[in-house]
Amino acid sequence: MWRRARLERCARRAEGPSMRYSKMLIPTVKEVPADAQVISHVLMLRAGLIRKVAAGIYNYLPLGLRVLRKIEQIIREEMVRAGAQELLMPAVNPAELWQESGRWYKYGPELLRFKDRKGADYCVGPTHEEVITALVRGEVRSYKELPLNLFQIQSKFRDEVRPRFGLMRAREFIMKDAYSFDVDEKAAAVCYEGMYRTYCRIFDRCGLRFRAVEADTGNIGGNRSHEFQVLAESGEDAIVACSQCSYAANVEKAAIGAPPVAPAASRPDIPLQKVATPGQRTIDEVASFLKVEPQQIVKSLIYLVDGKPLAALCRGDHEINEVKLRAHLRADEVMLADDATIEQTTHAPCGFAGPVGLDLPIVADQAVAQMFGAVCGANEKDMHFTGLAVPRDVKLQSIGDLRTARAGDTCGRCGGSFELHRGVEVGQVFFLGTKYAAPMKCVYLGEDGKEHPMVMGCYGIGVGRTAAAAIEQNHDDDGIIWPLPIAPCQVHLLSLGPQPEVVQVADRLYHELLEHGVEVLYDDRSERPGVKFKDADLLGIPFRIAIGGKGVAGGYAEWRPRRDRQTVNVPLAVIASHARAAIDSEMRRTPAEIAP
RNA sequence: CGGGGCGUGGCGCAGUCUGGUAGCGCAUCUGCUUUGGGAGCAGAGAGUCGGAGGUUCAAAUCCUCUCGCCCCGACCA
């Protein structure tokens with residue numbers, strides 16, 4: 001009963017002065033916008049949800065904002081349920097805080113910096129670890145005041161090199177960011193687990209299919225992280241999931257099982273031989289020229305690791321993963337060497353590098369360590385070696401899991417095999433430890449009377465990106481198919497035709513739906529039916545009710561869910577309660593109704 | 001930051017090579033007809049051709065410089 005009351009309250013608030021289409025700013029467009037590359041961007045523009053103001057900067061129009069507010073509200077409810085408190089920090093941050101954490105110097109041009117009238121340095125916050133840490137260290141002294149988990153929902157700015165894909169990669173974007181403060185690692189780990197579960201609830205409630213995957217911690221630092229990936233063909237991120245155990249990870253991070261030890265029979269002990277390969281630079285060229293498979297070739301890449309050259313080896317059909325390489329070497333920066341460095345270190349042009357006799361530290365992917373009878377570059381123009389036996393011919397500094405995971409690879413946890421998915425990253429949770437608390441002296445007095453740094457975690461959700469991901473995952477050729485919990489409205493009511501009795505019935509039903517606590521968009525425009533149908537499909541409101549001349553004469557309305565498009569005629573007398581019941585039943589399909 | 005492309009009524013584009021009255025489709029407005037899957041006819045309004053210099057009798061068009069946007073790559077929530 002409380003639930004009905006709440007829904008009615010929400011609907012009344014949502015109704016505002018009017019949800020009549022004729023009075024609203026819903027600028028739909030027929031033509032596909034020229035500069036939109038991904039479907040969510042196309043549909044958000046076409047459905048009149050957003051408009052671009054500048055590169056990566058958008059207006060959120062009324063229907064678009066309704067979606068963002070729905071997502072925000074779900075996040076807010078679940079964060080509060082998990083014990084977090086909402087606050088709001090400034091978008092503009094003084095440079096001093098960022099200098100204190102060191103990120104003023106490390107962050108690079110993505111941090112939008114500017115000066116005020118006095119010439120003092122400021123930035124627009126791309127994230128808020130500095131501000132929150134400064135706040136908490138100033139206000140919290142004792143272990144008795146911990147733990148704390150504080151969050152905000154706010155616009156952030158990252159001056160992306162290349163903003164694109166609409167809200168998927170904007171420069172200004174709305175983000176929920178939360179920061180937890182605990183007395184020790186153990187308590188912080190409990191908090192991290194709690195946030196992990198909260199995130200699962202949030203995306204479940206949004207009605208999205210997603211996977212939580214192990215992730216690299218990137219620049220934010222810390223030692224434990226999960227990304228929440230909404231599964232969609234068009235996702236930018238590649239993730240793998242084990243077919244046998246629960247392990248799932250970003251391909252950048254996914255631990256690949258060690259290859260089985262090759263039997264002696266498959267280790268041909270043949271001599272190293274230099275062969276001419278004029279002009280054959282790429283793996284494919286060398287493979288077809290020497291009539292071998294790419295996996296029999298050792299690919300040798302020269303990297304600059306914190307400025308120093310190093311050779312990294314992987315199999316010809318594999319890809320070196322720079323994230324893993326950086327982690328393996330405990331380096332800050334890993335980048336492919338330029339041609340000049342390659343020629344200097346290998347004494348050969350790019351395309352002929354090899355590990356034999358190379359005067360550089362060499363690291364190898366685990367799959368390379370057991371290669372016999374292989375092919376590699378000879379560090380000499382137009383020459384390769386055949387008969388390479390890695391253990392015999394190459395001095396390796398170390399061996400590790402250095403390549404990007406692929407479908408079918410062995411799971412590093414259980415030995416099962418990986419399936420590949422694509423996803424849109426909508427959230428990430430980080431276990432930060434004392435990375436910020438220590439340098440910024442965010443400390444508390446413990447029971448032992450001594451000062452300790454607080455142990456932190458941070459937890460982000462891209463609100464606009466979640467909306468975009470929902471569209472990537474839920475659309476067809478005609479438009480968006482919103483999951484009910486985040487749809488701009490629940491029911492799209494259409495009046496078809498100019499006959500006064502049709503308008504009268506539709507008007508009455510509009511009010512009846514509102515009285516039933518239904519969020520309804522009422523298309524009362526004097527457009528032809530075709531126009532209204534097309535706009536309804538484009539907007540993607542989950543349920544459509546059409547009132548037409550025939551229906552009014554026969555005493556029924558036409559009910560059609562957007563997703564399956566199974567049209568049924570429902571008597572006018574019960575259509576409102578039919579809608580109410582359909583909404584309740586659909587909402588119950590989300591885990592929100594599972595006991596807290 | 002490297003490479004490529006584009007800036008012309010609200011939107012999408014043609015015109016630029018070869019300088020000579022700025023055009024098309026959609027949208028908008030008016031009228032009549034039409035009303036179950038983006039209607040028809042008739043009429044109308046709306047553009048400093050991204051900006052600044054220059055060449056020329058004459059510049060959307062040629063030259064120089066700028067600004068913005070998009071795509072590919074490197075980088076990232």
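Here is the naming used below: chain letters follow the sequence lines, and residue numbers restart at 1 for every chain.
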**Prompt:** Below 4.0 angstrom, N of the basic side chain to O of the carboxylate: do A/Asp507 and A/Arg20 qualify?
**Reply:** yes
**Message:** Can a side-chain donor-acceptor contact be found between A/Glu558 and A/Thr567 if the only test is distance below 3.5 angstrom?
**Reply:** no
**Message:** Taking B/A44 as the reference, what is the distance to B/G15 when you measure between their C1' atoms (whole Å, please)?
**Reply:** 25 Å
**Asked** Is there a side-chain contact between A/Leu521 and A/Pro488 (heavy atoms, below 4.5 Å)?
**Response** no
**Prompt:** Which one, B/A39, B/G36, B/C69, comes nearest to the side chain of A/Ala54?
**Reply:** B/C69
**Complete:** Checking B/C72, B/G38, B/C70 against the side chain of A/Arg164 (C-beta onward), the nearest is B/C72
**Item:** Distance test, side-chain N/O of A/Lys52 to OP1/OP2 of B/C70, below 4.0 Å
**Value:** yes
**Gap between atoms CZ and P, on A/Arg525 and B/A39 respectively (whole Å)** = 11 Å
**Message:** Using a 4.0 Å heavy-atom cut-off, does A/Gly548 contact any base of the nucleic acid, only the sugar-phosphate backbone, or nothing at all?
**Reply:** base
**Request:** For B/G50 versus B/G43, give the span between their P atoms, rounded off to a whole number of Å.
**Result:** 31 Å
**Request:** Write down the distance between CD (A/Glu110) and P (B/C1), rounded to a whole number of angstrom.
**Result:** 15 Å
**Fill in**
Testing B/A74, B/C70, B/C76 for proximity to the side chain of A/Val161, the answer is B/A74
**Message:** Checking base pairs now: Watson-Crick or wobble, both atom distances under 3.5 Å. What partners B/G73?
**Reply:** B/C1
**Request:** Pick base, sugar-phosphate or nothing for A/Arg544, based on heavy-atom distances below 4.0 Å to the nucleic acid.
**Result:** base
**Prompt:** Any idea which of B/G37, B/A74, B/G36 is nearest the A/Arg162 side chain?
**Reply:** B/A74
**Request:** Could you check whether A/Ala469 gets within reach of a base, just the sugar-phosphate, or nothing at all, counting any heavy atom under 4.0 Å?
**Result:** nothing
**Request:** Classify the angle between the aromatic ring planes of A/Phe228 and A/Tyr199 as parallel (below 30°), tilted (30 to 60°) or perpendicular (above 60°).
**Result:** tilted
**Request:** Once you apply the 3.5 Å cut-off to both distances, tell me the Watson-Crick or G-U wobble partner of B/G7, or none.
**Result:** B/C67
**Options B/A77, B/G38, B/G37, nucleotide nearest the side-chain atoms of A/Glu425** = B/A77
**Item:** C1' gap between B/G4 and B/A77, integer Å
**Value:** 28 Å
**Asked** Is there a side-chain polar atom (N or O) of A/Arg46 under 4.0 Å from OP1 or OP2 of B/C11?
**Response** no
**Message:** Could you check, using the six-membered ring where one of them is a Trp, whether A/Phe430 and A/Tyr179 have ring centers closer than 6.0 angstrom?
**Reply:** no
**Prompt:** If we take the C1' atom in both B/U34 and B/C41, what is their distance in whole Å?
**Reply:** 11 Å
**Message:** Is there a side-chain contact between A/Arg465 and the phosphate of B/A77, meaning an N or O under 4.0 Å from OP1 or OP2?
**Reply:** no
**Request:** Rounded off to whole Å, could you give me the CE-to-C1' distance for the A/Met335 and B/G2 pair?
**Result:** 12 Å
**Prompt:** Over how many whole Å does the gap from A/His128 atom NE2 to B/A77 atom C1' extend?
**Reply:** 14 Å
**Message:** One thing to verify: whether A/Asp537 and A/Arg560 come together as a salt bridge, which I'm taking to mean a side-chain N less than 4.0 angstrom from a carboxylate O.
**Reply:** yes
**Request:** For A/Tyr199 and B/A77, give me the distance from atom OH to atom P, rounded to whole Å.
**Result:** 14 Å
**Distance between P atoms of B/A46 and B/G7 (Å, rounded)** = 25 Å
**Item:** Pair assignment for B/C49, Watson-Crick or G-U wobble, requiring both distances under 3.5 Å
**Value:** none
**Under 5.5 Å and under 30°: A/Phe533 stacked on B/G36** = no
**Prompt:** Which comes earlier along RNA chain B counting from the 5' end, the contact point of A/Glu172 or that of A/Gly530, where each point is its nearest nucleotide?
**Reply:** A/Gly530
**Message:** Using Watson-Crick or G-U wobble geometry with both distances under 3.5 Å, which nucleotide pairs with B/A59?
**Reply:** none
**Request:** Using only heavy-atom distances, decide whether a donor-acceptor pair under 3.5 angstrom links the side-chain of A/Arg169 to the base of B/C76.
**Result:** yes
**Request:** Give the ring-plane orientation class for A/His578 versus A/Trp559, where under 30° counts as parallel, over 60° as perpendicular and anything between as tilted.
**Result:** perpendicular
**Prompt:** Expressed as a whole number of Å, how far does the P atom of B/U30 sit from that of B/C69?
**Reply:** 36 Å
**Mate of B/G31 where both pairing distances stay under 3.5 Å, Watson-Crick or G-U** = B/C41
**Donor-acceptor pair under 3.5 Å, A/Glu527 side chain vs B/G38 base** = no
**Request:** Give none if B/G19 has no partner; otherwise give the nucleotide forming a Watson-Crick or G-U wobble pair with it, both distances under 3.5 Å.
**Result:** none
**Phosphate-side-chain proximity, A/Lys30 and B/A27, N/O vs OP1/OP2 below 4.0 Å** = yes
**Complete:** Given the options A/Tyr122, A/Trp98, A/Trp104, A/Asn93 meets side chain to side chain donor-acceptor pair (under 3.5 Å) only with A/Trp98
**Prompt:** Quick one: the side chain of A/Arg560 and the base of B/G37, do they pair up donor-acceptor inside 3.5 Å?
**Reply:** yes
**Item:** Closest heavy-atom pair and its distance - A/Gln154, A/His128
**Value:** OE1-CE1, 3.3 Å
**Prompt:** Watson-Crick or G-U wobble partner for B/C24, using a 3.5 Å limit on both distances?
**Reply:** B/G12
**Prompt:** Between A/Arg197 and A/Glu78, is there a salt bridge with N-O shorter than 4.0 Å?
**Reply:** no
**Message:** Please give the distance between the C1' atoms of B/A39 and B/G47 as a whole number of Å.
**Reply:** 29 Å
**Request:** Answer yes or no: is there a side-chain heavy-atom contact under 4.5 Å between A/Asp478 and A/Arg562?
**Result:** yes
**Request:** May I have the distance from A/Asp523 (atom CG) to B/G36 (atom C1'), rounded to whole angstrom?
**Result:** 14 Å
**Fill in**
Under a 4.0 Å heavy-atom cutoff, the residues of residues 31-42 of chain A touching RNA chain B are A/Glu31, A/Ala34, A/Asp35, A/Gln37
**Request:** Identify whether any heavy atom of A/Glu322 sits under 4.0 Å from a base atom; if not, whether one sits that close to sugar-phosphate; answer base, sugar-phosphate or nothing.
**Result:** sugar-phosphate
**Request:** Provide the distance between the two P atoms, one in B/G19 and one in B/U56, to the nearest whole Å.
**Result:** 16 Å
**Message:** In whole Å, I'd like the distance from the CD atom of A/Glu227 to the C1' atom of B/A77.
**Reply:** 9 Å
**Prompt:** Relative to the 5' end of RNA chain B, which residue comes earlier, A/Lys534 or A/Val334, by the nucleotide with the nearest heavy atom?
**Reply:** A/Lys534
**Prompt:** For the pair made of CG in A/Leu111 and C1' in B/C76, what is the distance, rounded to whole Å?
**Reply:** 14 Å
